[in-house]
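Throughout, protein chains are lettered first and strands after them, A, B, ... in sequence-line order, and every chain is numbered starting at 1.
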There are 2 protein chains.
Amino acid sequence: MLKLSKLTDYATVILSYMVKDQTDLHAAQEISKVTGIAQPTVSKILKLLVKARVLTSIRGAKGGYLLARAPERITVASVINAMEGPIALTECSASHKDCGHTSGCEIQGRWELVNQKILNTLESVTLADMVLPVKQPEEVLIPISRLYK
Amino acid sequence: MLKLSKLTDYATVILSYMVKDQTDLHAAQEISKVTGIAQPTVSKILKLLVKARVLTSIRGAKGGYLLARAPERITVASVINAMEGPIALTECSASHKDCGHTSGCEIQGRWELVNQKILNTLESVTLADMVLPVKQPEEVLIPISRLYK
DNA sequence: TTAAATAGGACTAAAATAGTACTCATTGAA
DNA sequence: TTCAATGAGTACTATTTTAGTCCTATTTAA
Ligand code: FES
Ligand code: FES
C-alpha cells in the first residue's frame, strides 16, 4: 500500500501539537495525555525523533522535549527518516549490495529515479505546512476594473 | 522505510521482461524460468496484474499472458495499485471512516496533500520509462552565443 | 536525597507479507 | 472425445515486520 508506519503517523500528530507552543518544554506524559497515544509509545517515538535531531531533549526533573528548529525547517522527509530509516522504495534504491535480482537488474536504476522524485516531494513539505488549516482559503480574484472604481 | 512490497518489485521485473517481446504470449512457467522467481509466486503476481487490467490472459493450452496495452500507457502507479491496493500513505488518506485520531485530526488534510503529490509522481512514470537504459544521456547545453557563430 | 524526567535496550504480541498448495475452468491438439 | 497444458480462484502456512510494553540506568531540580 506504500504506506507509512503507524508510528510515523503518530509522530506527526505529536509534532503538530508541539508546534503550537514551540518554546515550551513538553514531557512525554503530557504529550500522551493530550494526544491519547499510550505513554510508552509516545516515549519511543520521542526518543527516535531526538536521535534524528528533529527534537531536542532536556533530561532530569522538569525536563522534556522541544523542537530542534523552526517548523519551517523540519521536513516530512526528515520525520519519516527518523521513524522508519532511509526512504527507499526498494532494496536496490538503498544499496546494490544485498540485492537478489541479479538477473533483472536493468530496472534498478529506474526505481532510483522514482525514489528520487518522491524524496524531493517529501523534502518540499515541512512541519509548518502540515499544521496549516486543512482548507486553505481560496484565492480571491478581483476584476482589475474594481481597482479603479 | 516507505518501501514497496517485494511482490511489487518482482512485478516490475516480470513486466520489464514482457516489454521486450510485447506481442508474444508468455506462460507463467516461462517467466519463472527467465526471472528466477518461483513459479507459484509468479502466478500469483500475474493473476493480480490481470485483475487490475495491466495484463491480459489467455487460458487453456498454449495460453499465457501479454501486456494489456502499450508500455507507455502502463504507469508505475497502476502497477503498485495492482499489487498493493490503493496508494495511501496513511489510513486517513484512504478514508476518514475508520480513523483513530479523532483528537489529532487537523493534520489529516495535509497527508492527503503529500499523498497526492506522490501519486502524481508515480503516475508520471511508465513501464516504458522503466526499461530505458539506466543512464540517460545528459542534456547538452549549448551557449546561446554559439548559435550566432 | 528524592522525585521526575529522559536514554537505551530487550522483549512480547500482533499484524502484514510472502510463499505454497490445492481444486476448478478453459482450450488446443492428438 | 479425451488429455495435457495452462490460467483462475481461494485457502493456508510460514516468515518477517511492526507495534507496543517493560525494565534499568542516568540526569537534574528541589
Ligand atoms: S541492485 Fe537490485 S536489481 Fe540490481
Ligand atoms: S481522518 Fe484520520 S486524523 Fe482525521
Quick one: [X] [atom1] to [N] [atom2], roughly how many Å, whole number?
X	N	atom1	atom2	answer
I14(A)	dG20(D)	CD1	C1'	13 Å
L48(B)	dG7(D)	CG	P	15 Å
Q29(A)	dA3(C)	CD	P	16 Å
K3(A)	dA16(C)	NZ	C1'	7 Å
H26(A)	dA4(C)	NE2	C1'	17 Å
M83(A)	dG20(D)	CE	C1'	12 Å
L2(A)	dA16(C)	CG	P	16 Å
I31(A)	dA5(C)	CD1	P	12 Å

Sequence neighbours left out, what passes side chain to side chain donor-acceptor pair (under 3.5 Å) with [X]? Give chain and number order.
X	answer
E123(B)	none
D24(B)	none
T126(B)	D129(B)
Q29(B)	none

Smallest separation among heavy atoms of L49(B) and A82(B), with atom names: CD2-CB, 3.9 Å
Could you check which of dG20(D), dT6(D), dA18(C) has an atom nearest any side-chain atom of K6(B)? dA18(C)
Closest nucleotide among dA18(C), dT6(D), dG20(D) to the S5(B) side chain: dA18(C)
So does [X] get a side-chain nitrogen or oxygen closer than 4.0 Å to the phosphate oxygens (OP1/OP2) of [N]?
X	N	value
Y65(B)	dA8(D)	yes
Y10(B)	dA18(C)	no
S43(B)	dG7(D)	no

With S124(B), which residues qualify under side-chain contact (heavy atoms from CB on, under 4.5 Å), at least two apart? K117(A)
Which residues satisfy the side-chain contact (heavy atoms from CB on, under 4.5 Å) test with S78(A), sequence neighbours excluded? V54(A), R69(A), I74(A), T75(A)
What N/O pairs connect the protein and nucleotides 11-13 of chain C at under 3.5 Å? Give each pair on its own line.
none

More 5' along DNA chain D: T8(A) or A28(B), using each one's nearest nucleotide? A28(B)
Could you check L46(B) against P40(A) and say which one's nearest nucleotide on DNA chain D is further toward the 5' end? L46(B)
Hey, does the side-chain of K47(B) have a donor or acceptor N/O within less than 3.5 Å of a partner on the base of dG7(D)? no
Does the side chain of L67(B) come within less than 4.5 Å of L15(B)'s, by heavy atoms? yes
Only pairs at least two apart or in different chains count here, so list each side-chain hydrogen bond (donor to acceptor under 3.5 Å, both in side chains) that has a residue in residues 36-58 of chain A. Q39(A)-S43(A)
Verify the cluster assignment for L127(B) and V34(B): are they in a single hydrophobic cluster under the rule of side-chain heavy atoms below 4.5 Å apart? yes
Within residues 50-62 of chain B: residues closer than 4.0 Å to DNA chain C (heavy atoms): R59(B), G60(B), A61(B)
